[in-house]
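Worksheet: one structure, shown below.
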Amino acid sequence: MNESQPVYQRIIEVIENDIIARVYDADGLIISTNQIAKLYSVNPSTAMKAIAQMTEDGTIYKRPGIGMCVSRGARDRLIESRRAEFFGPALDALYSRARTLGVTVEEIAQSLREREASHD
């Protein structure tokens, strides 16, 4: 969790991580705003701000009389978004440094394969 982020964004990140990890499934209930406030020792309005943002983003939706649920396809969208966030800056920096050093894409790929093999 990024401590420089506002608290409500950190709460969003935790819930999104839980969605990605399948703690919460599509159409399944998520933790309530009161539970969020208690768990993270935050003002209920902070918890509500996190929930409102996730609703606006389409990650969750309200089921009247039941609570907030994970939207269908939310996990896949979150993974795709996180992959784009990861690959964009990481690959830009890697590519720039590789060009400066004369490292080829094939050499990078081979090095990654070797590292993967050593971690299996």
Side-chain angles (χ1 to χ4, degrees):
M1 198 175 333
N2 184 345
E3 296 298 321
S4 67
Q5 292 178 315
V7 174
Y8 82 94
Q9 288 180 333
R10 287 185 260 160
I11 292 168
I12 290 170
E13 185 176 340
V14 169
I15 295 171
E16 287 179 347
N17 289 344
D18 286 347
I19 293 169
I20 290 170
R22 292 195 164 115
V23 172
Y24 303 120
D25 291 320
D27 295 321
L29 289 171
I30 66 162
I31 188 171
S32 73
T33 53
N34 289 336
Q35 291 170 320
I36 292 169
K38 186 181 261 187
L39 181 64
Y40 297 106
S41 301
V42 298
N43 187 306
S45 66
T46 301
M48 289 173 62
K49 186 172 183 176
I51 294 300
Q53 181 65 53
M54 294 180 73
T55 302
E56 185 177 314
D57 293 345
T59 304
I60 60 175
Y61 66 95
K62 182 172 181 66
R63 284 180 62 189
I66 299 192
M68 303 305 293
C69 298
V70 177
S71 299
R72 290 179 187 253
R75 181 176 184 274
D76 292 338
R77 287 190 304 275
L78 289 170
I79 290 171
E80 186 60 35
S81 174
R82 298 262 179 106
R83 287 176 61 93
E85 288 173 13
F86 169 77
F87 280 114
L91 288 183
D92 289 345
L94 176 67
Y95 181 74
S96 176
R97 183 84 169 144
R99 274 188 78 183
T100 300
L101 297 173
V103 176
T104 67
V105 171
E106 292 77 20
E107 289 173 307
I108 293 169
Q110 181 59 37
S111 180
L112 288 171
R113 281 191 288 275
E114 290 169 2
R115 285 177 188 266
E116 183 179 38
S118 72
H119 288 94
D120 286 342

Q. Can you name the nearest heavy-atom pair linking Y24 to L29, along with the distance?
A. CD2-O, 3.3 Å
Q: Please determine, by modelled atom types, if S45 and N43 share a side-chain donor-acceptor pair under 3.5 angstrom.
A: yes
(Q) Applying a strict under-4.5 Å side-chain criterion to I, L, V, M, F, W and Y, I'd like to know whether Y95 and I108 cluster together. (A) no
(Q) Taking I51's backbone N and O only, do any of them form a donor-acceptor pair with T55's side chain (distance below 3.5 Å, no angle check)? (A) yes
Q | Rounded distance (nearest 0.5 Å) linking atom CZ of R22 with atom CD1 of I20 | A | 10.5 Å
**Q.** For E107 against G102, the heavy-atom pair lying closest together
**A.** OE1-O, 3.9 Å
Q: Specify the closest pair of heavy atoms between H119 and R115, including all atoms of both residues, with the distance to one decimal.
A: ND1-O, 2.6 Å
Q: Start with the C-alpha gap between Y40 and V7, add the side-chain angles, then the distance that decides, and say whether side chain to side chain contact (heavy atoms under 4.5 Å, CB included) holds.
A: CA-CA 9 Å; Y40 297 106; V7 174; 5.8 Å; no
Q: Treat each ILVMFWY residue as a node, draw an edge where side-chain heavy atoms are under 4.5 Å apart, and state whether V105 and L101 are in one component.
A: no
Q) Going by side-chain heavy atoms closer than 4.5 Å, which hydrophobic residues are tied to M48, directly or by a chain of links? A) none
(Q) Restricting to non-hydrogen atoms, name the atom on A50 and the atom on I11 that form the minimum distance, rounded to 0.1 Å. (A) CB-CG2, 3.9 Å
Q | Any side-chain donor near an acceptor of the partner, E114 and Q110, under 3.5 Å | A | yes
Q) Which heavy-atom pair separates P89 from A84 by the least distance, and what is that distance? A) CD-O, 4.3 Å
Q: Measure the spacing between OG of S81 and CG of L78 and express it to the nearest 0.5 Å.
A: 7.0 Å
Q: Taking all non-hydrogen atoms of both residues into account, name the closest pair between T46 and Y8 and its distance.
A: O-CB, 3.8 Å
Q: Under the side chain to side chain contact (heavy atoms under 4.5 Å, CB included) rule, what do I19 and M54 come out as? Steps first, then yes or no, please.
A: CA-CA 12 Å; I19 293 169; M54 294 180 73; 4.2 Å; yes
Q. So, do L94 and L91 sit near enough that their side-chain heavy atoms are less than 4.5 Å apart?
A. yes
Q | Contact list for residues 69-78, test side chain to side chain donor-acceptor pair (under 3.5 Å), sequence neighbours left out | A | D27-R72
Q: Output the distance between atom CD (E13) and atom CZ (R82), rounded to the nearest 0.5 Å.
A: 5.5 Å
Q: Assess whether atom OH of Y61 is packed by more than 12 heavy atoms of other residues, nucleotides or ligands within 6.0 Å.
A: yes
Q: Quick one: pull up CD in Q53 and CD1 in I15 and give me the separation to the nearest 0.5 Å.
A: 12.0 Å
Q: Answer with yes or no whether the hydrophobic clustering places I60 together with L39; edges join I, L, V, M, F, W, Y residues whose side-chain heavy atoms lie under 4.5 Å apart.
A: yes
Q. Do S96 side-chain atoms and A93 backbone N/O form a donor-acceptor pair below 3.5 Å?
A. no
